[in-house]
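Scroll down for the structure; my scribbles are underneath it.
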2 protein chains.
Amino acid sequence: MTSTNMRMKAPTTADVAREAKVSKAQAARALGGYGAVSEEVMTRVQAAAERLGYRPNELARSMNTGRSNTLGVIVGDIENPHFGLALRGISDVAREAGYHVILSNSDEQVAIEQEAVRVMLEKRVDGIIVAPCSSAASHNPHLAQVLAEGRALTLFDRAVYDMDVEVIGVDFTRTAQQATQELLEAGHRRIAYVTSMNCAEPYRSPEDMGLTPVAQRIAGMEQAFRVAEVPFAPTLIKPNALDDAAVARIVEELFADAAPPTAVIASDSLIAQSLMREFHLRGLRIPQDLSFVMYDNFPWTEIVSPPLSVIAQPVYEMGCEAARRIIAQIRGQDPGPMPAFETRYIRRGSTGPAPR
Amino acid sequence: MTSTNMRMKAPTTADVAREAKVSKAQAARALGGYGAVSEEVMTRVQAAAERLGYRPNELARSMNTGRSNTLGVIVGDIENPHFGLALRGISDVAREAGYHVILSNSDEQVAIEQEAVRVMLEKRVDGIIVAPCSSAASHNPHLAQVLAEGRALTLFDRAVYDMDVEVIGVDFTRTAQQATQELLEAGHRRIAYVTSMNCAEPYRSPEDMGLTPVAQRIAGMEQAFRVAEVPFAPTLIKPNALDDAAVARIVEELFADAAPPTAVIASDSLIAQSLMREFHLRGLRIPQDLSFVMYDNFPWTEIVSPPLSVIAQPVYEMGCEAARRIIAQIRGQDPGPMPAFETRYIRRGSTGPAPR
DNA sequence: TTGAAAGCGCTAACAT
DNA sequence: ATGTTAGCGCTTTCAA
């Protein structure tokens with residue numbers, strides 16, 4: 001900043017070239033780190049660049065290389081620590097590899113997701129990582145478009161019906177079954193599952209849920225019921241828990257029933273918090289009156305009282321892997337085999353025997 | 001996608017122009033929505049674009065307009081819900097205004113922050129919102145650089161010494177004083193404050209903390225002590241609580257003392273969780289043995305037991321305002337007066353009378 | 001209203 | 001190793 005010229009425009013390779021008394025091309029080579037440059041010229045150019053306060057224009061660079069070194073990430077809700085953690089993994093790996101991250105929030109709305117994809121494509125991102133909206137029904141031409149335009153695509157958490165792309169996710173079936181089995185063994189017969197997934201109500205069968213983790217979770221539950229030879233009640237599967245009001249309505253429905261649930265499973269931490277507030281309002285004690293399980297093992301679940309039984313998944317590592325794989329894909333390298341992400345059920349104080 | 005050509009390259013304005021039988025310039029005008037275009041030509045061009053699956057190249061566009069319609073956001077830790085919420089506010093407003101968000105995580109390290117700024121400047125972002133690293137000492141040439149290159153800059157949460165830029169933040173002094181006063185009135189005499197801020201130990205005076213919220217919080221505490229005419233112990237101010245290990249060390253120090261604290265205030269939710277785990281390990285009951293207050297009012301603080309007394313700040317709204325103001329700044333509009341963000345102390349179950 | 005042509009700042013191909 | 005000359009896909013003069 002010592003000797004910045006009064007000129008308003010930022011110095012370009014041409015300016016540096018003039019200052020260093022070399023050709024524009026040679027200056028560009030030195031600055032861009034490509035081609036052959038003599039040591040002599042290299043130092044002269046660097047000194048000139050320093051003097052002028054030159055800063056490369058990534059836009060111009062991207063324009064003729066075709067690569068922007070940018071990843072687009074579209075998540076349902078940045079506010080949700082689940083995505084916060086995933087994002088952290090993605091951005092750590094991306095930064096390490098020299099990629100930048102453009103972020104978009106879909107609010108779980110397909111229209112916004114589509115718009116975000118469009119914008120990212122126009123910005124010429126090299127690849128997009130998306131946690132697609134959890135609407136089971138719709139097809140996804142906007143995602144197909146990403147591939148059609150030769151950009152890399154990786155799905156996070158959720159697969160979609162109509163395409164064959166890599167998905168970073170875990171298989172919840174086994175762990176969901178295990179958790180349910182433990183609840184069944186503790187005498188629970190009516191176990192509810194509350195999810196934010198958009199879905200026509202009432203829920204009927206896992207197919208309503210598409211290829212989502214939610215479907216796996218329910219499938220695991222059903223399996224446990226089948227094994228235990230206990231009839232499974234689909235009416236206790238409650239989708240559309242999009243906000244506090246929706247959760248309130250769901251709890252209302254659940255406990256208006258002649259045979260209310262004795263155990264409730266929350267699909268994510270936001271829903272869990274909302275549910276617990278409702279339970280508290282109704283004076284339901286955990287685990288005496290109601291057993292409670294939530295997905296995702298966040299630190300606060302250990303310090304609440306009773307500490308929450310949770311189903312843990314390695315969200316940060318999954319974020320890292322998502323970034324690692326899409327970057328490999330972009331570079332045309334082999335991403336290697338997909339690691340098996342482990343989920344596990346951690347029994348803590350929020351689950352207990354069913355009330356008599 | 002019905003009639004995509006086999007050509008590998010994406011269609012450009014030139015292709016559309018040829019297809020629509022107009023000049024390149026005219027096609028570009030129609031597509032870009034600028035200049036004068038007859039209705040006749042407009043429809044022909046749009047039809048042609050549709051047929052070809054044309055998609056504007058934002059990079060090229062940015063290159064000659066100089067505006068990229070992009071905001072850079074640098075936060076200390078995306079994983080921290082505080083920033084998650086702020087980010088949500090920023091991205092909601094940005095999207096609404098047609099801006100994209102590039103995200104970077106500084107990990108609270110100045111070197112990474114500087115690198116992030118450099119990269120964003122090279123990407124020609126229109127403005128940068130940064131929650132500067134909480135190192136009180138250092139000057140910030142990299143931030144000054146942002147202004148020097150004519151880009152907008154807004155600080156979030158923290159101000160910096162050596163420059164005059166807008167800061168989105170709250171004044172904690174009053175609320176910190178109020179909370180402290182209540183603790184003093186409840187008989188507490190030794191009140192500790194634990195923060196992740198980088199700072200030479202031991203802490204001596206608020207000046208060590210620079211223009212940060214941390215300084216305000218401590219100043220508020222000191223004020224309350226002064227008013228109550230109780231001597232204030234600087235040794236109970238504990239900076240550098242960067243991770244679980246650091247928190248463990250701090251708790252160790254705090255309770256190795258002959259006169260341990262009877263109340264502890266956590267600077268953020270991550271530290272709070274870490275602290276509570278340590279307290280639990282030591283068998284310290286809250287609030288019987290120890291009163292506890294944390295900054296930020298997150299939903300889970302209501303459902304832990306006892307529910308936590310917190311100091312609330314409108315993080316989401318602050319994120320929105322940060323985006324709103326920097327966009328106004330970019331557009332050369334008047335951002336209007338800075339709203340007064342309110343903080344308040346919410347007394348819940350984690351605070352009580354000091355143990356005898 | 002339209003078109004031709006000149007850039008934006010860089011990389012890439014081709015000389016030398 | 002260096003210089004010359006084209007572009008990349010768009011916006012922007014400047015004429016017509």
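Note that the coordinates shown come from a computational prediction; the quantities given were computed from them, not determined experimentally. Every chain is numbered from 1 and lettered A, B, ... according to where its sequence line falls, protein lines coming before strand lines.
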Legend entry - Residue met sooner reading DNA chain C from 5', once Lys24(B) and Ala28(A) are mapped to nucleotides: Lys24(B)

Inset, instruction - Let me know the distance between CZ of Arg18(A) and C1' of dG3(D), rounded to the nearest Å. - result: 16 Å

Legend entry - Spacing between Arg44(A) atom CZ and dG3(D) atom C1', to the nearest angstrom: 13 Å

Inset, instruction - Look at Asp15(B) together with Arg51(B) and state whether they make a salt bridge at an N to O cut-off of under 4.0 Å. - result: no

Inset, instruction - May I ask you to evaluate whether Gln26(B) reaches the phosphate of dT2(C), defined as a side-chain N or O under 4.0 Å from OP1 or OP2? - result: yes

Legend entry - Rounded distance in Å - CG (Leu31(B)) to P (dT11(D)): 8 Å

Inset, instruction - For the residue pair Glu149(B) and Gln145(B), confirm or rule out a side-chain donor-acceptor distance under 3.5 Å. - result: yes

Inset, instruction - Mark yes or no for a side-chain to base donor-acceptor pair under 3.5 Å between Asn64(B) and dG9(D), with no hydrogen or angle criteria applied. - result: yes

Inset, instruction - Would you mind checking if Glu166(B) and Arg324(B) are paired as a salt bridge, meaning a charged N to carboxylate O distance below 4.0 Å? - result: no

Legend entry - Step-by-step salt bridge (Lys or Arg N to Asp or Glu O under 4.0 Å) determination, Glu58(B) to Arg124(B): CA-CA 12 Å; Glu58(B) 278 295 336; Arg124(B) 299 301 193 261; over 6 Å; no

Legend entry - Nearest to side-chain heavy atoms of Thr65(B), which nucleotide of dT12(D), dT5(D), dT2(C): dT12(D)

Inset, instruction - Just compare dG9(D), dC10(C), dT1(C) and give me whichever is closest to any side-chain atom of Thr13(B). - result: dG9(D)

Inset, instruction - Would you mind telling me which of dT12(D), dG7(D), dG9(D) lies closest to the side-chain atoms of Asn57(B)? - result: dG9(D)

Legend entry - Phosphate-side-chain proximity, Tyr34(B) and dT11(D), N/O vs OP1/OP2 below 4.0 Å: yes

Inset, instruction - Measure from CE on Met63(B) to P on dT12(D) and round the result to the nearest Å. - result: 13 Å

Inset, instruction - Whole angstrom is fine here: how far is it from CZ in Arg67(B) over to P in dC10(D)? - result: 16 Å

Legend entry - Among dG3(D), dA1(D), dA4(C), the nucleotide that comes nearest once only the side chain of Arg29(A) is considered: dG3(D)

Legend entry - Closest heavy-atom pair and its distance - Ala94(B), Val101(B): CB-CG2, 3.9 Å

Inset, instruction - Compare side-chain N and O positions of Ser23(B) against OP1 and OP2 of dG3(C) and report whether any pair is under 4.0 Å apart. - result: yes

Inset, instruction - Rounded off to whole Å, could you give me the CG-to-P distance for the Asn69(B) and dC10(D) pair? - result: 16 Å

Inset, instruction - Using whole Å, report how far NZ of Lys21(A) lies from C1' of dT2(D). - result: 17 Å

Inset, instruction - Write down the distance between OH (Tyr54(B)) and C1' (dG9(D)), rounded to a whole number of angstrom. - result: 8 Å

Inset, instruction - Would you tell me if any nitrogen or oxygen in the side chain of Thr12(A) comes within less than 4.0 Å of OP1 or OP2 on dC8(C)? - result: no

